[in-house]
2 protein chains.
Amino acid sequence: MLSAIIDSGGLGEGAAALNKSQPSVSRSLAMLEKRLGARLFEKGKRPLRPTELCQTLAEQGRVVANASEAAQTAAELYSGGKAGTARIAGTPIFMDGVISGMLASFQSAFPDVTIHQTYGYLPELCEQLSVGNIDLAICPVKTNAVPPKLSFKPILRGRNVIACAPSHPLARKSAFKLEDIAAYPWIAPPAGSPLYEDLRMALQSIGITDFRVSFTGGSLASIFSVMAGSNSLTVLPYSVVFMQSTTKIITALPVKLEHPERELGLLWDADRPLRPAVKRFHKFLEAEFTDLAQRIDEKGRQDVWRR
Amino acid sequence: MLSAIIDSGGLGEGAAALNKSQPSVSRSLAMLEKRLGARLFEKGKRPLRPTELCQTLAEQGRVVANASEAAQTAAELYSGGKAGTARIAGTPIFMDGVISGMLASFQSAFPDVTIHQTYGYLPELCEQLSVGNIDLAICPVKTNAVPPKLSFKPILRGRNVIACAPSHPLARKSAFKLEDIAAYPWIAPPAGSPLYEDLRMALQSIGITDFRVSFTGGSLASIFSVMAGSNSLTVLPYSVVFMQSTTKIITALPVKLEHPERELGLLWDADRPLRPAVKRFHKFLEAEFTDLAQRIDEKGRQDVWRR
DNA sequence: CAAACAATATAACTTGATGTTATGAAAATT
DNA sequence: AATTTTCATAACATCAAGTTATATTGTTTG
């Protein structure tokens with residue numbers, strides 16, 4: 001109040017700056033003077049002149065006002081989801097292959113939001129969610145088997161493809177027979193992962209039951225490296241392949257695999273209120289994925305399901 | 001409040017630290033949470049765990065609390081007269097010769113009090129006081145002619161002596177006749193000063209009417225210098241000579257001069273309330289002078305008025 | 001210097017945050 | 001399961017601080 005009066009050069013204008021009425025400020029001043037037992041503005045001077053004590057107090061007041069304002073903006077940022085923390089987790093391949101790219105643009109849009117990322121498969125994710133260690137999970141889920149007590153929001157239809165390096169012999173042929181595929185070694189996802197099951201199932205669906213696994217257990221980065229330096233094949237979600245379309249590190253073979261009955265989606269604990277930053281990230285992902293889904297559809301029709 | 005709760009590790013103890021009741025703090029917290037639309041402490045956890053937002057707000061709160069405390073101590077220092085400003089003025093010889101020494105000890109006792117010192121003679125001092133440019137004047141005043149509208153507090157009886165360097169011929173004689181004095185040149189105080197009148201009057205009182213002025217118009221420091229390098233004499237308040245007794249720069253001749261009908265005293269505007277720092281200085285000077293007066297009396301009886 | 005103007009102080013009233021004590025509810029501990 | 005500790009709620013009192021209307025005071029001006 002004191003600094004407002006001093007800076008604006010009058011009691012009335014100071015009051016206006018504070019969004020208060022003039023009498024209110026006048027009385028507050030009088031009360032403070034009484035409490036201090038000292039004048040804050042010199043008596044009987046009409047361009048109000050602050051006393052020594054008033055200057056000193058006003059200085060501290062400015063500090064208070066600044067901190068108060070900082071607190072308010074902090075609270076607003078937080079409430080708006082523009083600041084804070086979101087603890088997310090998901091299956092490694094999706095996180096590395098799809099989410100990480102979106103994270104980059106989220107971070108540049110909301111630099112004050114801290115993202116804590118961890119990895120896990122469905123059972124562990126559910127556990128972490130209900131314990132409260134994470135806020136949001138991104139995970140493929142069987143549509144008819146959403147875990148109880150958790151909310152699920154599907155964001156992408158699950159569609160797997162056979163992936164290989166762009167330099168792979170099959171990738172360069174315009175057409176090939178399914179039997180040709182069997183000749184190449186396979187990179188298998190980690191044994192416990194749903195993708196591993198997908199791999200078996202997918203190959204079975206196109207008649208391949210006996211396949212040679214040349215590499216297993218690595219994360220996406222390893223898979224990319226191995227694939228680039230060999231003629232290996234693997235099964236990956238098409239979204240992961242799609243996200244790499246600019247880098248030309250990986251490509252999809254035009255083979256129609258059977259769809260697993262799963263959808264990529266967001267999971268969270270229905271009982272826990274989502275913090276604003278989490279909500280913001282949630283919304284962001286949804287938007288990104290609705291956009292992505294459409295682009296995937298188009299490109300997928302061209303490249304993979306063209307026959 | 002938030003930082004108190006966090007630091008003391010509990011709502012109840014936090015309340016105690018704030019000198020408030022536990023329910024009061026509890027409710028304030030609840031209201032703030034409602035206003036923010038966000039929790040400040042995690043739900044249903046008994047060692048209360050602050051949320052992210054709470055930590056952020058508590059940080060700003062600490063800033064506010066510190067500034068608030070700083071303001072309080074500043075106000076207390078000010079009210080106690082231990083901080084602030086005192087604008088004082090007085091006749092040059094007294095200020096330089098007597099007050100300056102006391103100022104030193106006042107400053108070391110109250111380092112946060114700023115002293116603004118100026119010089120002037122009675123009419124100007126009165127003007128400055130009533131205009132409000134100074135808070136306190138230290139000045140010899142005719143006891144029966146205290147200026148109207150001003151308060152006066154006498155602090156030292158006016159007694160002038162003939163002063164000279166310790167090396168002066170007269171100072172080394174155990175006894176001398178008054179006629180001997182006439183032989184030496186005189187240092188005269190500034191023409192307008194009361195001391196100049198005193199000089200004339202004093203010499204007249206001991207029968208000297210015709211005297212030679214060798215130096216005039218200088219401040220006390222000049223007078224000391226001139227006196228040290230010559231056989232000059234001058235008339236000074238005994239208190240000024242006394243204050244130099246440790247430095248042995250100057251000494252008083254054992255000649256009884258007629259007392260001027262003036263007393264050194266403090267002057268201030270009765271209509272203006274004295275600021276605490278001024279009051280403090282006022283009190284300090286009074287104490288110093290009651291002490292000084294006694295010591296002066298003793299030493300004066302020995303050295304000057306011994307016959 | 002009185003009149004006019006502008007700025008501040010006061011009066012009277014309302015409101016809401018914050019204080020209290022008493023007591024209920026819920027986590028944590030034994 | 002019982003006990004203890006800790007926090008939340010209820011009911012009420014108080015006071016700072018908000019309001020509008022109006023008086024007072026300091027400054028400016030004809």
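Proteins come first, then strands; the chains are lettered A, B, ... in the order of their sequence lines, and each starts at number 1. What you are looking at is a predicted structure, and each value in this text was computed from that prediction instead of being measured.
Bending across the helix from dC1(C)-dG30(D) to dT30(C)-dA1(D), expressed as the angle between its end axes from five pairs apiece, amounts to 30° (10° rounding).
The existence of a salt bridge linking Asp7(A) and Arg62(A) is confirmed by a sub-4.0 Å separation between a basic side-chain nitrogen and an acidic carboxylate oxygen. Salt-bridge annotation for Glu42(B) and Arg49(B): present, with a side-chain N of the basic residue lying under 4.0 Å from a carboxylate O of the acidic one. Between Lys149(B) and Asp271(B) there is a salt bridge, since at least one side-chain N of the basic residue sits less than 4.0 Å from a carboxylate O of the acidic one. With respect to Glu52(B) and Arg275(A), a salt bridge is recorded, a charged nitrogen being found less than 4.0 Å from a carboxylate O.
Taking atom CE on Met31(A) and atom P on dA9(C), their separation rounds to 14 Å, with Å as the unit. One atom, CG of Leu11(A), and another, C1' of dT10(C), lie 13 Å apart when rounded to the nearest Å. To the nearest angstrom, P of dT5(D) lies 18 Å from CG of Leu48(B). Rounding to whole angstrom units, CZ of residue Phe41(A) and P of dT8(C) are separated by 10 Å. Here the P atom of nucleotide dT18(C) and the CG atom of Leu18(B) are 12 Å apart, to the nearest Å. Computed from coordinates, the Leu32(B) CG to dG16(C) C1' distance equals 16 Å when rounded to whole Å. Rounded to whole angstrom, the span from the CD atom of Glu33(A) across to the C1' atom of dA9(C) amounts to 11 Å. The separation between Glu13(B) atom CD and dT5(D) atom P is 12 Å, rounded to whole Å.
Of all nucleotides listed (dT20(C), dT19(D), dT10(C)), dT20(C) comes nearest to the side chain of Lys20(B).
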Under 3.5 Å between N/O atoms: give me all the protein pairs with nucleotides 26-30 of chain C, atom names plus distance.
{"from": "dA28(C)", "atom 1": "OP1", "to": "Arg46(B)", "atom 2": "N", "distance (Å)": "3.1"}

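Checking side-chain atoms of Arg39(A) against main-chain N and O of Thr51(A) turns up no donor-acceptor pair under 3.5 Å.
Under the ring-ring contact (aromatic ring centres under 6.0 Å, His included) criterion, no residue pair touches residues 116-147 of chain A, with sequence neighbours excluded.
Looking at which nucleotide of DNA chain D each of Asn19(A) and Pro23(B) is closest to, the 5′-most match is held by Pro23(B).
Checked by distance alone, Gln22(B) brings a side-chain donor or acceptor within 3.5 Å of a matching partner on the base of dA8(D).
For the OP1/OP2 pair of dG18(D) and a distance below 4.0 Å, the side-chain nitrogens and oxygens of Ser21(A) include no atom meeting the criterion.
No side-chain heavy atom of Pro50(A) sits less than 4.5 Å from a side-chain heavy atom of Leu40(A).
When all heavy atoms of Pro154(B) and Glu263(B) are compared, the pair lying nearest together is CB-OE1, 3.5 Å. Annotation for Leu136(B) and Leu129(B): closest pair N-CD2, 3.9 Å, computed over non-hydrogen atoms.
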